[in-house]
Structures are given as C-alpha cells and as structure tokens.
Amino acid sequence: MLMSKIMRIKFIKNEDMIYISHLDVQRLLQRAFRRAEVELSFSKGFNPHPKMSYGNALALGVESYGEYVDIEIENEDINCEELMEKINKQLPEGMKFIKCIELKGDEKALASHIVYGDYIFTVPNVINLNKDEISKKLLEMINSETIMTSKRNKKKKIVEVDIRPLIKTLSLMELNDKEIKISSILATGSKQNLNTNVFLPKLLEFIGIDIDPLDVDIRRNDLYFEEEGVLITPF
C-alpha cells in the first residue's frame, strides 16, 4: 500500500490567468493533476474533497510570482522535479509550478501562518511627479498615525476602518515620466488582511493621482511567514 506525502509548491499566475478566480484556480489544478495521472489524497466523510491548502487568495486582475499550495498525493514514488514536469505540461499559459519541496510534517500551515504579501504597484505618472515629490508623499503616508477608509464588512455593512497598522512598508522603487513603481508589504493573512482594492484608492489619494484604480498594474512577488519579527517565505 502506497503512503501519501505532502508537497509544498510555489507557482506563478500571470498573463490571462490573472482574470480567473481563486475557485477556478482550485478546479484547474485538480483537473491538471487528474490529466497528469497524479493521484490526489481525499478527505474522509460524506463529502470528500482533495487535500489541497492554499495561501491567501489573490484578487482578480493581480499577477503573482509567489503563490503557494500544499498538496497531498498518493504517488509515493514521484519526486518534486517529476511532479512539476508532469503538471506544467497540463497547465495553460500564465500558470506554472516553479518550486517544490516535500514536507516532513512539522512545517507551518500556509493558511494560518502567512501574514504578509510583497506587492508592486505600477501607477501611470499622469501628473509628472519627480522623485522628491513622490518620496515625500509616500513618507507622509507611512508616517500617518491613522489612515481611515470605508470598506464592506462580512455582514455587508459599510464601516470605517484604520488600515495603517496593516501597512508594514511603503517605498519608491522606480520613477520615470511614464510610470511610478511603488513597493509595499501589506497584511495578507487569515487574521489580518488588507485587500489591494482597499489599499490602492488610499495610495492614489496620498500621492495625488486621480485615475481609475483599475489602471494600476499590481504584482504580488511573494507571501511571508513572520518569526520573531523576521519575514520568511513558506519555503
């Protein structure tokens, strides 16, 4: 009888795949494993489901080079390299497994331990801000005691919230006459989470650029655990 094992996989999601939902990603991966003839482990009970655990869901329209999934499989004889090769052959353009490790059993769970995400926001420089101007505006934002905004809570009510504690870092990466690249590490976990759709309008407000937030390209580089104040990746 084969023993199951758990693989932690890092994957990218870009190009047209940024427009498919988190639920669609789950379905796509399940189909890819089935076509690749890699047998998934299933939960017991009345409604069994594949044993797959993900990091924080990615918002629609956001590309990522640091998504994670833990997958329990029944194929004891397959290694990480073989697994990635088999699945990548079944994945569409815009999704790709890029790193894999076999878990030993004592690692931190993704969903409950990921706390931060590393983002890059590429904003059209429509008012020709220079480096000093944008740096000053970003410094003003990160030094604010509170940053109040409105959001819809789980009960569908509009509430006022302070998002400042959910912003760990904020800095200018690149600037030219066409675009501004801003780096930020934001709370991205099950306990505290700052949705980019909530953060971005406040960022644009602080830097004084009046555009549709949909005109801003968003990229998530990675997700992090935190140990004694130090950020580490799930690997």
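Please read all numbers here as calculations on a predicted model, not as lab measurements.
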request  = Could you please spell out the steps behind the side-chain contact (heavy atoms from CB on, under 4.5 Å) verdict for Met141 and Ile167?
outcome  = CA-CA 10 Å; Met141 185 173 184; Ile167 306 170; 4.2 Å; yes
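- Ser64 contributes no side-chain N or O that, together with a main-chain N or O of Lys13, makes up a donor-acceptor pair within less than 3.5 Å.
- Leu170 is connected to Val198 through a chain of hydrophobic side-chain contacts under 4.5 Å among Ile, Leu, Val, Met, Phe, Trp and Tyr, so both are in one cluster.
- Remark: Lys10 is not positioned above the aromatic ring of Phe235, lacking an NZ or CZ atom under 6.0 angstrom from the ring centre and at most 45 degrees off the axis.
- Side-chain contact between Pro50 and Phe33 is absent, with no heavy-atom pair separated by less than 4.5 Å.
- Ion pairing between Glu140 and Lys137 fails under the 4.0 Å rule for side-chain N and carboxylate O.
- Taken to the nearest 0.5 Å, the CD1 atom of Ile12 stands 12.5 Å off from the CD1 atom of Ile18.
- Arg27 places no side-chain N or O within donor-acceptor distance of the main-chain N or O of Gln30, the cut-off being under 3.5 Å.
- To the nearest 0.5 angstrom, Glu133 atom CD is 12.0 Å from Leu138 atom CG.
- Counting heavy atoms from C-beta outward, Thr233 and Tyr224 have side chains that approach closer than 4.5 Å.
- Within the 4.5 Å cutoff, no side-chain heavy atoms of Leu203 are placed close to those of Val216.
- Between Glu37 and Lys86 there is no salt bridge, since none of the side-chain N atoms of the basic residue sits less than 4.0 Å from a carboxylate O of the acidic one.
- One distance of note links CZ of Phe42 with NZ of Lys51; it measures 11.0 Å at 0.5 Å rounding.
- In the displayed structure, Asn176 atom CG is contacted under 6.0 Å by more than 12 heavy atoms of other residues, nucleotides or ligands.
- Shown here for Ser190 and Ser112, the closest heavy-atom pair between the two residues is OG-CA, 4.0 Å.
- Side-chain atoms of Asn125 and Ile134, non-hydrogen and from C-beta on, never get closer than 4.5 Å to each other.
- Atom-to-atom distance recorded for Leu129:CG and Lys131:NZ is 14.0 Å, nearest 0.5 angstrom.
- How far CD of Gln90 is from CZ of Arg31: 11.5 Å, rounded to the nearest 0.5 Å.
- Between the side chains of Glu72 and Ser4, at least one donor-acceptor pair of N or O atoms lies under 3.5 Å.
- Heavy atoms only, all atoms of each residue included: Leu223 and Gly55 are closest at CD1-CA, 4.4 Å.
- In the hydrophobic cluster analysis, where Ile, Leu, Val, Met, Phe, Trp and Tyr join through side-chain heavy atoms closer than 4.5 angstrom, Met84 is grouped together with Leu28.
- Nearest approach of Glu15 to Gly94, heavy atoms of both residues: OE1-N, 3.9 Å.
- Using a distance-only test at 3.5 Å, with no hydrogens or angles considered, a donor-acceptor pair links the side chain of Asn88 to the main chain of Phe97.
- Between the side chain of Arg220 and the main chain of Tyr65, no donor-acceptor pair closer than 3.5 Å is present.
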request  = Just do the side-chain contact (heavy atoms from CB on, under 4.5 Å) check on Ile73 and Lys5 with the steps written out, would you?
outcome  = CA-CA 6 Å; Ile73 62 174; Lys5 57 184 178 182; 4.1 Å; yes
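- At a threshold of 4.5 Å between side-chain heavy atoms, the hydrophobic network of Ile, Leu, Val, Met, Phe, Trp and Tyr places Val25 and Leu60 in two separate groups.
- Using cut-offs of 30° and 60° on the angle between ring planes, the pair Phe225 and His113 is perpendicular.
- Of the candidates Thr149, Thr146, Leu166, Ile147, Val161 forms a side-chain contact (heavy atoms from CB on, under 4.5 Å) with just one, namely Thr149.
- Considering all non-hydrogen atoms of both residues, Thr188 and Leu186 come closest at OG1-O, 2.8 Å.
- Listed for the Glu82 side chain is a donor-acceptor partner under 3.5 Å among the backbone atoms of Asn79.
- Judged purely by atom type and a 3.5 angstrom limit, Asp212 has no side-chain atom pairing as donor or acceptor with the backbone of Asp215.
- Under the 3.5 Å distance criterion, the side-chain polar atoms of Ser135 are left unmatched by any main-chain donor or acceptor of Asp132.
- The two atoms that bring His22 and Ala57 nearest to each other are CG-CB, 3.7 Å, heavy atoms only.
- No side-chain heavy atom of Glu63 sits less than 4.5 Å from a side-chain heavy atom of Asp217.
- Summarising the geometry, atom CD1 belonging to Ile78 is positioned 7.0 Å from atom CD1 belonging to Ile87; distances are rounded to the nearest 0.5 Å.
- Phe199 and Phe121 have their aromatic ring centers within a separation under 6.0 angstrom.
- Put simply, the side chain of Met17 does not reach to within 4.5 Å of the side chain of Leu91, judged on heavy atoms.
- Hydrophobic clustering, with ILVMFWY side chains joined whenever heavy atoms are under 4.5 angstrom apart, groups Ile114 together with Ile232.
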message = Quick one, Leu83 with Ile9, criterion side-chain contact (heavy atoms from CB on, under 4.5 Å). Give me CA distance, side-chain angles, the key distance, then yes/no.
response = CA-CA 10 Å; Leu83 177 65; Ile9 298 163; 3.8 Å; yes
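- Pro213 and Leu200 make their closest contact through O-CD2, 3.5 Å (heavy atoms, listed as atom of the first residue, atom of the second, distance).
- In this structure, Asp210 places its CG atom where only 12 or fewer heavy-atom neighbours from other residues, nucleotides or ligands lie under 6.0 Å away.
- Between the side chain of Ser43 and the main chain of His49, a donor-acceptor pair closer than 3.5 Å is present.
- Between the side chains of Tyr116 and Asn56, not a single donor N or O lies within less than 3.5 Å of an accepting N or O.
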request  = Before giving the answer on salt bridge (Lys or Arg N to Asp or Glu O under 4.0 Å), spell out for Glu85 and Lys89 the whole-Å C-alpha distance, their side-chain angles and the decisive distance to 0.1 Å.
outcome  = CA-CA 6 Å; Glu85 182 179 358; Lys89 288 179 180 178; 3.8 Å; yes
ask   = Going through the checks in order, is the salt bridge (Lys or Arg N to Asp or Glu O under 4.0 Å) test met by Lys202 and Glu205?
value = CA-CA 5 Å; Lys202 297 304 295 186; Glu205 179 184 322; 3.2 Å; yes
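- Linking Ile, Leu, Val, Met, Phe, Trp and Tyr whenever their side-chain heavy atoms come within less than 4.5 Å leaves Val62 and Phe11 in two separate clusters.
- More than 12 heavy atoms of other residues, nucleotides or ligands sit less than 6.0 Å from atom CD of Glu160.
- Contact check for Ile182 versus Ile207: side-chain heavy atoms found under the 4.5 Å cut-off.
- Within a 6.0 Å radius of NZ in Lys108, more than 12 heavy atoms belonging to other residues, nucleotides or ligands are found.
- Between Arg8 and Leu110, some side-chain heavy-atom pair lies under the 4.5 Å cut-off.
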request  = Please assess Ser183 against Asp118 for the test side-chain contact (heavy atoms from CB on, under 4.5 Å), listing each intermediate value before the final yes or no.
outcome  = CA-CA 8 Å; Ser183 172; Asp118 180 358; 4.1 Å; yes
